[in-house]
**Student:** 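One structure, pasted below without further comment.
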There are 2 protein chains.
Amino acid sequence: MTKKRTSGTPLPRGQATRERIIGAALEAFAEKGFEGASTREIAERAGTDQGLVTYHFPSKDELWRAAAERIFGDLGKALDERVASLEFDDPKERARGVLREYVRYVARHPELFRFMVAEGNRSNARMRWIIDTYMKPRFEFMKERGVVSAAGIDESDAPYAFYAVTGAASLIFAVAPTCRRLTGVDPRKQQTIEAHADFVARLLLP
Amino acid sequence: MTKKRTSGTPLPRGQATRERIIGAALEAFAEKGFEGASTREIAERAGTDQGLVTYHFPSKDELWRAAAERIFGDLGKALDERVASLEFDDPKERARGVLREYVRYVARHPELFRFMVAEGNRSNARMRWIIDTYMKPRFEFMKERGVVSAAGIDESDAPYAFYAVTGAASLIFAVAPTCRRLTGVDPRKQQTIEAHADFVARLLLP
DNA sequence: TCGAGAACTTGTCGAATGACAAGCTACGGC
DNA sequence: GCCGTAGCTTGTCATTCGACAAGTTCTCGA
């Protein structure tokens, strides 16, 4: 039953805790930024010790990289799945569906946006790699077959559209506690998520 | 010429460095978050020593509070000035003007948005105070006499509109280096700022 | 001009940080 | 069964953190 392993392939047990650590790191990095999140806090969130974090990840940088790959990879997978399952003939209706799915995803993963904003004004090698690997394909998709073409937006406006859509869709979930106090609306409620998805879809694809 | 001072009133010289420290703190907090920004780095940005930071601000918390008051206060003042100077009869045209001024402001102060996102998911006493003091009036203004009413948006959608507008207007400037690499467009250029202002205004107030 | 106090510098403290080394445990191949 | 190693624990290191104390310099009113 057990899979044949070549030497060096991680054991399933180790993989699981490794994944837990990445998840904990993602939360911590999104909440406090790279410098603010300590490896000890990440370990505690993951239910282990600090020593184990440095065992699985030789440095904090490596852990950051793993967390970044995880969240951008997950977004890509989730969107690909949903997009494939949407069967609309009308391109605008299809774009609406994609957009609504995107809002639902960022609502469930507010750490994605916080991570983006926290790290987005650095331009080190790792950030550049993330842009080229994960973000470029999304941007090109949106430009050619997504919201931009469906909404009749000029291609030269694609950069503005990309960041306007991303910001409009995500911010409310990234600052949920603030929103609750300011407006009385709780972004964590399903009802709010759908209402915001509606609003954004109407705004961009009337 | 010199103003009469009662004992204990800070000297002008002290005020100036105090302001410089607040500015440096703002940059650092926006860039690395509260925990990630060190008082020593803030001091260096301000051109002084760490001891002087703790002299002017008894704790890092107090410094954070001063930085938050500064940036939200500045936004309020800037918008009030611009709004007062806009003389449009048509409410929609007026809302467009306000919105474009808002985009220009966040372009010049990208740290505002980074600060909001970094601190917006905490709900401590200081954040609550900032919401009640600085953000509530802005939200009410937008709802009653701003973009929401001008765009014919239902008042119950005001929360979604507020965060959609804020996010759409600001994100591109908060992650400028990323945007440059991803799209080729540099958000720091005046031309880009105006193009984004155009795009957002057309999006929300067609 | 001189004294008082604000403004600033310097040095130091315990606590927390990232990284590492030296062990211990448990699982899977033989 | 038993052995090697991946997985995990524990302890320690130099460095950096926020905070504070003590001392020096500058400014301005009298």
Side-chain angles (χ1 to χ4, degrees), chain A residues 1-29 31-68 124 126, chain B residues 1-29 31-68 118-119 124 126:
Chain A
M1 214 41 168
T2 49
K3 267 207 326 197
K4 203 170 168 185
R5 289 188 311 105
T6 56
S7 179
T9 303
L11 293 167
R13 178 171 57 121
Q15 276 289 23
T17 54
R18 202 186 135 92
E19 293 299 314
R20 278 210 332 277
I21 290 171
I22 292 176
L26 204 39
E27 287 178 27
F29 285 148
E31 200 171 303
K32 304 192 173 178
F34 179 76
E35 292 89 353
S38 75
T39 55
R40 280 174 179 82
E41 183 199 342
I42 291 168
E44 196 177 357
R45 281 186 201 238
T48 58
D49 318 312
Q50 189 252 0
L52 191 57
V53 173
T54 65
Y55 168 75
H56 281 292
F57 303 92
S59 73
K60 201 179 175 184
D61 268 32
E62 291 287 333
L63 178 55
W64 184 93
R65 184 194 178 92
N124 50 38
R126 287 192 322 270
Chain B
M1 214 45 169
T2 48
K3 263 205 326 196
K4 204 170 168 185
R5 287 188 310 106
T6 55
S7 181
T9 303
L11 293 166
R13 176 172 59 120
Q15 277 289 19
T17 54
R18 202 186 134 92
E19 293 299 314
R20 277 209 333 278
I21 291 171
I22 292 176
L26 205 39
E27 285 178 30
F29 285 148
E31 201 170 302
K32 304 190 173 179
F34 179 77
E35 291 89 354
S38 75
T39 55
R40 281 176 179 81
E41 183 199 342
I42 291 168
E44 196 177 357
R45 281 187 201 236
T48 59
D49 319 311
Q50 190 252 0
L52 192 56
V53 173
T54 66
Y55 168 75
H56 280 291
F57 302 93
S59 73
K60 201 179 175 185
D61 267 33
E62 292 287 334
L63 178 55
W64 184 93
R65 183 193 178 93
E119 310 295 332
N124 50 37
R126 286 192 322 270

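Throughout, protein chains are lettered first and strands after them, A, B, ... in sequence-line order, and every chain is numbered starting at 1. Remember, it's a predicted structure, so these values are computed and weren't measured experimentally.
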**Student:** Kindly give the heavy-atom pair with the smallest separation between B:Ile42 and B:Ile21, and that separation in Å.
**Tutor:**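 Here B:Ile42 and B:Ile21 meet closest at CG2-O, 3.9 Å.
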**Student:** Could you tell me if the side chain of B:Glu35 sits less than 4.5 Å from the side chain of A:Glu35, heavy atoms only?
**Tutor:**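 No, their side chains stay 4.5 Å or more apart.
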**Student:** How many whole angstroms separate atom CG of A:Leu63 from atom P of C:dT17?
**Tutor:**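 These atoms are roughly 15 Å apart.
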**Student:** Whole angstrom is fine here: how far is it from CD in B:Glu62 over to C1' in D:dG18?
**Tutor:**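 Result: 14 Å.
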**Student:** Specify the separation, in whole Å, of atom CZ of B:Arg20 and atom P of C:dA7.
**Tutor:**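 Answer to the nearest Å: 13 Å.
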**Student:** Find out whether B:His56 and B:Gln15 are in side-chain contact, i.e. whether some heavy atom of one side chain is under 4.5 Å from a heavy atom of the other.
**Tutor:**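 They are not in side-chain contact.
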**Student:** Measure from CZ on B:Phe57 to C1' on C:dA6 and round the result to the nearest Å.
**Tutor:**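 Distance check: B:Phe57 CZ to C:dA6 C1' gives 15 Å.
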**Student:** Verify the contact: side-chain N or O of A:His56 to OP1 or OP2 of D:dA6, cut-off strictly under 4.0 Å; return yes or no.
**Tutor:**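 No, A:His56 has no side-chain N/O under 4.0 Å of OP1/OP2 on D:dA6.
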**Student:** Taking atom P of C:dT17 as reference, at what distance in whole Å does atom NZ of B:Lys32 sit?
**Tutor:**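 In whole Å, C:dT17 P and B:Lys32 NZ are 16 Å from each other.
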**Student:** Is the CD atom of A:Glu44 crowded by more than 12 outside heavy atoms at less than 6.0 Å?
**Tutor:**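 For A:Glu44, atom CD is not crowded (no more than 12 foreign heavy atoms under 6.0 Å).
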**Student:** Find the distance A:Arg18:CZ to D:dG7:P and express it as a whole number of Å.
**Tutor:**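 Value for this atom pair: 10 Å.
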**Student:** Please confirm whether the backbone N or O of B:Phe34 pairs with a side-chain atom of B:Lys60, one donor and one acceptor, at under 3.5 Å?
**Tutor:**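 Side chain of B:Lys60 to backbone of B:Phe34, a donor-acceptor pair under 3.5 Å: yes, one is there.
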**Student:** Are OP1 or OP2 of D:dC8 and a side-chain N or O of A:Tyr55 less than 4.0 angstrom apart?
**Tutor:**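 Answer is no, no contact under 4.0 Å.
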**Student:** Heavy atoms, side chains only, cut-off 4.5 Å: are B:Arg18 and B:Phe57 in contact?
**Tutor:**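 Heavy-atom side-chain distance check passes, below 4.5 Å.
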**Student:** Specify the residue among B:Leu52 and A:Thr39 whose closest nucleotide of DNA chain C lies further upstream toward the 5′ end.
**Tutor:**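 Here B:Leu52 is the residue nearer the 5' end.
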**Student:** Does A:Arg20 reach the main-chain N or O of A:Ala46 with its side chain, forming a donor-acceptor pair under 3.5 Å?
**Tutor:**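 Yes, because the side chain of A:Arg20 sits within donor-acceptor range (under 3.5 Å) of the backbone of A:Ala46.
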**Student:** Taking DNA chain C as the partner, which of residues 40-51 of chain B come within under 4.0 angstrom of it by heavy atom?
**Tutor:**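 Only B:Arg40, B:Asp49, B:Gly51 qualify.
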**Student:** Which atom names give the shortest non-hydrogen contact between B:Ala67 and B:Ile22, and what distance separates them?
**Tutor:**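 Shortest heavy-atom separation between B:Ala67 and B:Ile22 comes out as CA-CG2, 3.9 Å.
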**Student:** Does B:Thr17 put a side-chain nitrogen or oxygen below 4.0 Å from OP1 or OP2 of C:dC8?
**Tutor:**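 Checking B:Thr17 against C:dC8: at least one side-chain N or O falls below 4.0 Å of OP1 or OP2.
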**Student:** Can you measure A:Lys60 atom NZ to D:dT15 atom P for me and round it to whole angstrom units?
**Tutor:**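 Going from A:Lys60 (NZ) to D:dT15 (P), I get 18 Å.
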**Student:** What contact category does A:Thr54 fall into here, base, sugar-phosphate, or nothing, at under 4.0 angstrom with non-hydrogen atoms?
**Tutor:**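 If one applies the 4.0 Å heavy-atom cut-off, A:Thr54 turns out to touch a base.
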**Student:** Polar atom pairs between nucleotides 22-24 of chain D and protein, under 3.5 Å, N or O only, would you list them?
**Tutor:**
none

